[in-house]
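Just so it is clear, the structure is predicted and the values come from calculations on it, not from any experiment. For reference, positions follow the sequence shown, starting with 1.
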Amino acid sequence: MTAVINQGFTYLCGCFASVISTTKAINGIKHLKTDYQRELLHTLYEHLDNCRELLDVHKTGTTNAQLEDYLFCIGEKLKIDFGISIKVSRPLLRKKISVDEVINQIKQYSEMPDTAVLIGLEGKYSHWTTVDKVRSSIKLLDSGSIKQIPIRNIPQIHQISKNDVYVIKARVCK
């Protein structure tokens with residue numbers, strides 16, 4: 001999936017969602033100050049620049065492979081700086097499950113301690129974002145203006161691809 005937030009000023013939602021999701025996952029272990037979150041974002045920009053991908057990502061958004069690279073870079077920095085590791089998985093990849101089951105799985109993962117769920121949206125928006133909680137709507141911690149998605153609007157307006165559901169689990173390194 002190539003993700004964008006189409007507000008005319010940024011296509012870097014994959015970078016933002018990676019930092020937001022990681023921040024959420026480690027919040028019970030370590031509170032990340034805003035300056036450190038900016039430092040993580042800067043690390044991702046440098047990584048993209050070194051790989052000569054920054055301009056492409058800015059123009060067209062983040063692919064799944066790039067998103068996984070972001071999370072790897074963030075994980076390495078957290079390990080060095082705080083002795084915290086993150087494990088990233090895509091537990092719904094290649095599973096044949098209904099939209100309702102995808103939402104139920106997202107809800108279960110989002111309620112786990114030291115865990116965050118990063119999802120890709122398609123439909124009205126093609127966008128990477130972070131799940132805060134799931135009730136009658138999916139509440140988001142978002143870099144743009146999408147604060148929630150009413151479940152009744154899935155899949156008519158927004159689609160959540162089961163292949164674009166990432167679970168980030170944090171723990172203290174041993």
Side-chain angles (χ1 to χ4, degrees), residues 1-7 9-34 36-45 47-48 57 61-75 77-78 84-93 102-151 153-154 157-171:
M1 173 181 146
T2 299
V4 298
I5 181 166
N6 193 4
Q7 295 180 339
F9 56 86
T10 183
Y11 291 86
L12 299 169
C13 59
C15 295
F16 290 113
S18 297
V19 172
I20 293 167
S21 295
T22 305
T23 300
K24 183 179 187 314
I26 72 166
N27 194 43
I29 300 169
K30 169 83 175 151
H31 175 75
L32 295 182
K33 295 184 178 182
T34 303
Y36 189 81
Q37 292 175 35
R38 284 190 188 108
E39 189 177 322
L40 289 175
L41 201 53
H42 184 74
T43 298
L44 297 182
Y45 296 157
H47 170 74
L48 285 168
V57 168
T62 296
T63 65
N64 291 79
Q66 288 166 326
L67 187 79
E68 291 168 19
D69 279 349
Y70 303 163
L71 293 166
F72 178 80
C73 289
I74 291 170
K77 185 157 178 51
L78 290 172
I84 297 172
S85 69
I86 59 170
K87 178 183 175 193
V88 179
S89 64
R90 294 169 74 183
L92 307 182
L93 187 66
V102 170
I103 294 166
N104 186 46
Q105 290 290 305
I106 290 170
K107 180 181 188 315
Q108 287 179 18
Y109 286 117
S110 69
E111 293 172 346
M112 295 172 73
D114 305 324
T115 305
V117 180
L118 191 159
I119 60 173
L121 298 177
E122 294 182 359
K124 184 175 180 183
Y125 304 101
S126 184
H127 182 58
W128 294 108
T129 190
T130 304
V131 174
D132 184 23
K133 56 187 150 200
V134 179
R135 302 289 185 263
S136 60
S137 64
I138 299 174
K139 308 275 187 203
L140 303 172
L141 301 171
D142 192 68
S143 63
S145 60
I146 308 169
K147 300 301 174 204
Q148 65 181 351
I149 302 168
I151 290 175
N153 289 349
I154 303 168
I157 297 173
H158 302 286
Q159 290 88 50
I160 300 170
S161 168
K162 63 184 178 53
N163 296 329
D164 294 330
V165 174
Y166 289 81
V167 175
I168 297 100
K169 178 77 176 156
R171 69 178 179 85

Rounded to the nearest 0.5 Å, what's the gap from [atom1] on [X] to [atom2] on [Y]? Could you check?
X      : Y      : atom1 : atom2 : answer
Ile138 : Ile103 : CD1   : CD1   : 5.0 Å
Lys169 : Lys87  : NZ    : NZ    : 10.0 Å
Lys33  : Glu39  : NZ    : CD    : 12.5 Å
Thr130 : Ile168 : OG1   : CD1   : 7.0 Å
Lys162 : Leu92  : NZ    : CG    : 8.0 Å

Looking only at non-hydrogen atoms, find the nearest pair between [X] and [Y] and report the distance.
X      : Y      : result
Ala116 : Ser21  : CB-O, 3.1 Å
Val117 : Ser110 : CG2-N, 3.7 Å
Cys15  : Leu44  : O-CD1, 3.7 Å
Ile86  : Leu71  : CD1-O, 3.5 Å

Check the pair Thr62, Tyr70 against side-chain hydrogen bond (donor to acceptor under 3.5 Å, both in side chains), reporting the backbone distance first and the verdict last. CA-CA 10 Å; Thr62 296; Tyr70 303 163; 2.9 Å; yes
Under the side-chain contact (heavy atoms from CB on, under 4.5 Å) rule, what do His127 and Ser143 come out as? Steps first, then yes or no, please. CA-CA 10 Å; His127 182 58; Ser143 63; 4.0 Å; yes
Could you note down all residue pairs passing salt bridge (Lys or Arg N to Asp or Glu O under 4.0 Å) where residues 65-74 supplies at least one of them, sequence neighbours left out?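 Sorted result for residues 65-74: Glu68-Arg90.
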So, do [X] and [Y] sit near enough that their side-chain heavy atoms are less than 4.5 Å apart?
X      : Y      : answer
Thr115 : Val167 : yes
Val134 : Ile151 : yes
Gln108 : Asn104 : yes
Trp128 : Asn64  : yes

Does the pair Ser161 and Gln159 meet the rule for a side-chain contact (heavy atoms from CB on, under 4.5 Å), with working shown? CA-CA 6 Å; Ser161 168; Gln159 290 88 50; over 6 Å; no
Around atom NZ of Lys147, are there more than 12 heavy atoms from other residues, nucleotides or ligands closer than 6.0 Å?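 For Lys147, atom NZ is crowded (more than 12 foreign heavy atoms under 6.0 Å).
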Answer yes or no: are there more than 12 heavy-atom neighbours, outside Lys77 itself, under 6.0 Å from its atom NZ?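 Check passes, neighbour count above 12.
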What's the verdict on side-chain contact (heavy atoms from CB on, under 4.5 Å) for Asp164 and Ile119, showing C-alpha distance, side-chain angles and the deciding distance? CA-CA 6 Å; Asp164 294 330; Ile119 60 173; over 6 Å; no
List the steps, then state whether side-chain contact (heavy atoms from CB on, under 4.5 Å) holds for Asn163 with Leu93. CA-CA 5 Å; Asn163 296 329; Leu93 187 66; 3.3 Å; yes
Name the residue from Leu121, Leu118, Ile146, Ile160 that meets the side chain to side chain contact (heavy atoms under 4.5 Å, CB included) definition with Thr129.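 Looking at Leu121, Leu118, Ile146, Ile160, the match for Thr129 under the side chain to side chain contact (heavy atoms under 4.5 Å, CB included) is Leu121.
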Which residues pass the salt bridge (Lys or Arg N to Asp or Glu O under 4.0 Å) test with Arg38, not counting sequence neighbours?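 Once residues adjacent in sequence are excluded, the partners of Arg38 under the salt bridge (Lys or Arg N to Asp or Glu O under 4.0 Å) criterion are Asp35.
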Under 3.5 Å, side-chain donor or acceptor atoms of residues 22-32 against the rest of the protein: list the pairs with distances, not counting sequence neighbours.
| unit_1 | atom_1 | unit_2 | atom_2 | d |
| --- | --- | --- | --- | --- |
| Thr22 | OG1 | Ser18 | O | 2.8 |
| Thr23 | OG1 | Val19 | O | 2.8 |

For the backbone of Val102 and the side chain of Lys107, can you confirm whether one donor and one acceptor N or O come within less than 3.5 Å of each other? no
